[in-house]
Chemist: 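One structure, as structure tokens, below. Some questions next.
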Protein chains: 2
Amino acid sequence: MRGQPGRSVTSRVLALLDAFTPASPALTLSELARRTGLPLSTVHRRAAELLAWGALERGVDGRYRIGLRLWEVGSLAPRGLGLREVALPVMEDLYEVTHENVQLAVRQDDELVFIERIAGRHAVPVLTRVGGRFALHATGVGLVLLAYAPVGVQERVLAAPLERYTELTVTDPGRLRRCLAEVRRVGYAVSDRQVTMDALSVAAPIRAPEGVVAALSLVVAHDRADPVALAPLVQAAGRVLSRALGGAHG
Amino acid sequence: MRGQPGRSVTSRVLALLDAFTPASPALTLSELARRTGLPLSTVHRRAAELLAWGALERGVDGRYRIGLRLWEVGSLAPRGLGLREVALPVMEDLYEVTHENVQLAVRQDDELVFIERIAGRHAVPVLTRVGGRFALHATGVGLVLLAYAPVGVQERVLAAPLERYTELTVTDPGRLRRCLAEVRRVGYAVSDRQVTMDALSVAAPIRAPEGVVAALSLVVAHDRADPVALAPLVQAAGRVLSRALGGAHG
DNA sequence: CTCCGCATTCCACTGAGTGCAAGCCCGGGC
DNA sequence: GCCCGGGCTTGCACTCAGTGGAATGCGGAG
């Protein structure tokens, strides 16, 4: 072909999907070409194929969006809706008891991904969305996932600059390392106003046979609750789920 | 290349994703090759690329599964989690009032896809799963989606054999056509024991500017409730959502 | 009318992708 | 030990699917 060497067709297709983000869920063909750095004609052909299959859809405005077929296939991810289906009843129980935000997240590389949330109507509004990513070093779920992550992941996160969200965010690697040790010791994590000054979260691990696979948290107004009192509730829910997944209880 | 002509790389990649179904969410490389009809070496290379990107994952057993990254991208589908985010609060309200199963579905080609559900603990157990497909001619949501679908879709569905689920399933095209007219006249659909003999469902359309984009339903035990009494509730919820999406109220 | 931005189609060229075949690894039977 | 069978991975020579520049269509704004 005449194409610039070194780029496989598959990688181009995946690059197209990568161009869609929560911030820009609808793109024109030329925007896609700009974002991927590919020629317009190439993007046009690849997009047409994705369109035919249902991975992309075109709205009335002519823009491309992620198609329902891709959502369908994505819902088969065991760590996505699969995990959600198992966790939801337990999360609902936790919500019944506390009437606060309940969140479920897993680790993906060096970040976390929110899988499900029960948003209490009268609880603190949370900024994240289901399917969204976040750093590991600040939230309750993040601290749990990081504490039980492979050492390689921990080292990478500790070596990279730790973004500051509030004045209470832990950005010193040494201090974060001690926090993680503490999380492993007590079996839960508390993130007190480390993401926003409004909220505090308490999180516990969910274990499968292969280790900690997810984390569950309660997010509450920072002045409304005692984290140490909430911890047993979250831990208990985590243990129920761990048992459901065949994991050891910690 | 030496490859058999007529099959694009993209279509092969997508065929790999197609091989994963709710019934078989984990596959070995050879199973993938068998299902797609592609040579093992080809599958191996395509799968390696999907693996590297995160579209696929390999479990501890070495089997391939849909990866979290694909779920993440899929969650950007406006008709998937996007719609869900809008609808969930209203669905929760409906659940609070009725304590019955609440379901949200959209049409994809000639079938429906369930987007979200609130499963009442003490309500009828439903057989479908979020992300799953179903025929249009039997369920409440299906009848609504079919009634407001483009004529082309209606004709295709009416021309194809209509699968029978119970003795009450409408399988006669003429009768189904009259049912659809009735749905459009009254603005809601009732499916009385047409899917299982246990349950009955009442559904209403959700309208956006471009027309009916989704349907909402209550699924209840067939002997527990009067569908005509439930209809106004479902319709009201549908109208709230229609307004949120900028659709005309019907 | 022309210009601009975006989408679509054309076409000659070529290297990315193919599929066979051979090799590898592991476990089970003998 | 040795061989066999199932799965996975790699090497290699061949070639067509895919490429990207350029040309064309298509509105809408000036």
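Note: hydrogens, waters and symmetry copies are ignored here, and every other heavy atom, side chains too, is used. To find a chain, count down the sequence lines: A is the first, B the second, and so on, and within it residues start at 1.
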Chemist: Please determine if a side-chain N or O atom of B:Arg12 lies less than 4.0 Å away from the OP1 or OP2 oxygen of C:dG19.
Modeler: yes
Chemist: Tell me whether the OP1 or OP2 atom of C:dG17 has a side-chain N or O from A:Arg7 closer than 4.0 Å.
Modeler: no
Chemist: Using OP1 and OP2 only, check whether a side-chain N or O of A:Thr42 sits under 4.0 Å from D:dG20.
Modeler: yes
Chemist: Can you name the side-chain hydrogen bond (donor to acceptor under 3.5 Å, both in side chains) partners of B:Glu155, sequence neighbours left out?
Modeler: B:Arg177
Chemist: Identify whether the distance between the nearest side-chain nitrogen and carboxylate oxygen of B:Glu49 and B:Arg46 falls below 4.0 Å.
Modeler: yes
Chemist: Roughly how many Å is it from CG in A:Leu38 to P in C:dA16, rounded to a whole number?
Modeler: 14 Å
Chemist: Using the 3.5 Å cut-off, write out each protein N or O paired with an N or O of nucleotides 7-11 of chain D and the distance between them.
Modeler:
residue : atom : partner : partner atom : Å
D:dC8   : OP1  : B:Leu29 : N            : 3.2
D:dC8   : OP2  : B:Leu29 : N            : 3.2
D:dC8   : OP2  : B:Ser30 : N            : 2.8
D:dC8   : OP2  : B:Ser30 : OG           : 2.5
D:dT9   : OP1  : B:Arg58 : NH1          : 3.4
D:dT9   : OP2  : B:His44 : NE2          : 3.0
D:dT9   : O5'  : B:His44 : NE2          : 3.2

Chemist: Going by atom types alone, do B:Thr10 and A:Arg12 pair a side-chain donor with an acceptor below 3.5 Å?
Modeler: no
Chemist: Taking all heavy atoms of A:Arg133 and all of A:Glu111, pick out the closest pair and write down the distance.
Modeler: NH1-OE1, 2.6 Å
Chemist: Let me confirm one number: the CG-CH2 distance from B:Leu76 to B:Trp71, rounded to the nearest 0.5 Å.
Modeler: 10.0 Å
Chemist: Between C:dA7 atom C1' and A:Leu56 atom CG, what is the distance in whole Å?
Modeler: 16 Å
Chemist: Does NZ or CZ of A:Arg107 fall inside the cone over A:Tyr148's six-membered ring, less than 6.0 Å from its centre and within 45° of the axis?
Modeler: no
